[in-house]
Amino acid sequence: MSSTVTKAVIPVAGLGTRVLPASKAIPKEMMPVVDKPVIQHVIEEAVAAGITDIVLVTRAGKSAIEDHFDSHYELEAELERKGKTAILESVRTIVPSNVTITAVRQNKALGLGHAVLCAAPIIGNCDFAVLLPDMLVNSYGQEEADLSAMVSAYKTSQQGQIMVEPVPMEHVDRYGVVNCNGVDVRPGQSADIAQMVEKPPIDKAPSNLTINGRYILPARIMELLKDTQPGAGGEIQLTDAMAEYLTEGSLQAFHMQGKTYDCGNKVGYLQANVIYGLQNQETAESFKTFIKNLDL
Ligand code: G1P
């Protein structure tokens, strides 16, 4: 493993069926949480953790995502002409100039593992991060954001890190689930993973610690993905490649400190808008007043 991680894969080829009809003509990743599309929140999280090369794994009909991170000459010229410097700045600096965003296509919906494998030619022989764009990781008020803390854990341990959080036992069958040999991993800490399984039946789940969509993985995972057979749901699962890796190396579970909001479903998306709205400098005050005065 190399000493740090600068490349990240963000799979954005999903159909967004859980948020239809909103996502019929716009990618679900472009739905706004307060004043930015979900994908921008995710990319800002990656950049803040030191990621400089981002690979979007996309498909036909989702070019709005690439456009969002590209320059928009006409808009910029118009804002400049009108002297709207603050807005101009927010449009121009969506990502810092040292960050590159490239896109590859996933031309068959064969699962998350397959989507990640589509980025292999760009990732090469490097350890890499994966961020699932449905999930917003909110580290508000923490000394260090969870992804940054996970990168630090990776740098120190030189072991792959998988972000996890506990969920009620009755929900474990929706996620990848890890077991750390019964070790009680505290928030902000990492522990070796003994076992992991994708979407286990509730009575077979090895714990209630679930994978929540942030990974730092050894380069070797890309090779293992080439041979990974369809698993849960008939899809090529990233969890299965990681489980295979455990037979030859080790991975750690990083227990997050913050909160996640799954914007791939309606309630999670609404919750994200409430929480981010209350944390946003521009909207917090009046939004809080509005919520306080709700006659529920
Ligand atoms: C994917 C992963 C799963 C993880 C989940 C987090 O599942 O395969 O391990 O727990 O994301 O959201 P999906 O939600 O794509 O079915």
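Throughout, residue positions are numbered sequentially from 1 according to the sequence presented. We count ligands from 1, going down the list as the structure has it; atoms in each ligand are counted the same way.
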Given Lys259, His41, Gln279, the one that forms side-chain hydrogen bond (donor to acceptor under 3.5 Å, both in side chains) with Asn138: Gln279
The single option from His68, Lys62, Gln40 passing side-chain hydrogen bond (donor to acceptor under 3.5 Å, both in side chains) against Glu29: Lys62
Salt-bridge present (Glu223, Lys226; N to O < 4.0 Å): no
Note every protein N or O atom lying under 3.5 Å from an N or O atom of ligand 1, pairing the names and giving the distance.
| from | atom 1 | to | atom 2 | distance (Å) |
| --- | --- | --- | --- | --- |
| ligand 1 | 7 (O) | Lys199 | NZ | 3.3 |
| ligand 1 | 8 (O) | Glu198 | OE1 | 3.3 |
| ligand 1 | 8 (O) | Glu198 | OE2 | 2.7 |
| ligand 1 | 9 (O) | Gly176 | N | 3.0 |
| ligand 1 | 9 (O) | Glu198 | OE1 | 2.7 |
| ligand 1 | 9 (O) | Glu198 | OE2 | 3.4 |
| ligand 1 | 9 (O) | Thr239 | OG1 | 3.4 |
| ligand 1 | 10 (O) | Gly176 | N | 2.9 |
| ligand 1 | 10 (O) | Ile211 | O | 2.6 |
| ligand 1 | 16 (O) | Lys199 | NZ | 2.6 |

Donor on one side chain, acceptor on other, Ser190 and Gln161, under 3.5 Å: yes
N-O pairing of Arg92 and Glu80 below 4.0 Å: yes
Can you give each donor-acceptor pair under 3.5 Å made by side-chain atoms of residues 97-121, sequence neighbours left out, with the distance rounded to 0.1 Å?
| from | atom 1 | to | atom 2 | distance (Å) |
| --- | --- | --- | --- | --- |
| Thr100 | OG1 | Asp53 | OD1 | 2.8 |
| Thr102 | OG1 | Ile54 | O | 3.3 |
| Gln106 | NE2 | Lys108 | O | 3.3 |
| Gln106 | NE2 | Gly111 | O | 3.4 |
| Gln106 | NE2 | His114 | ND1 | 2.9 |

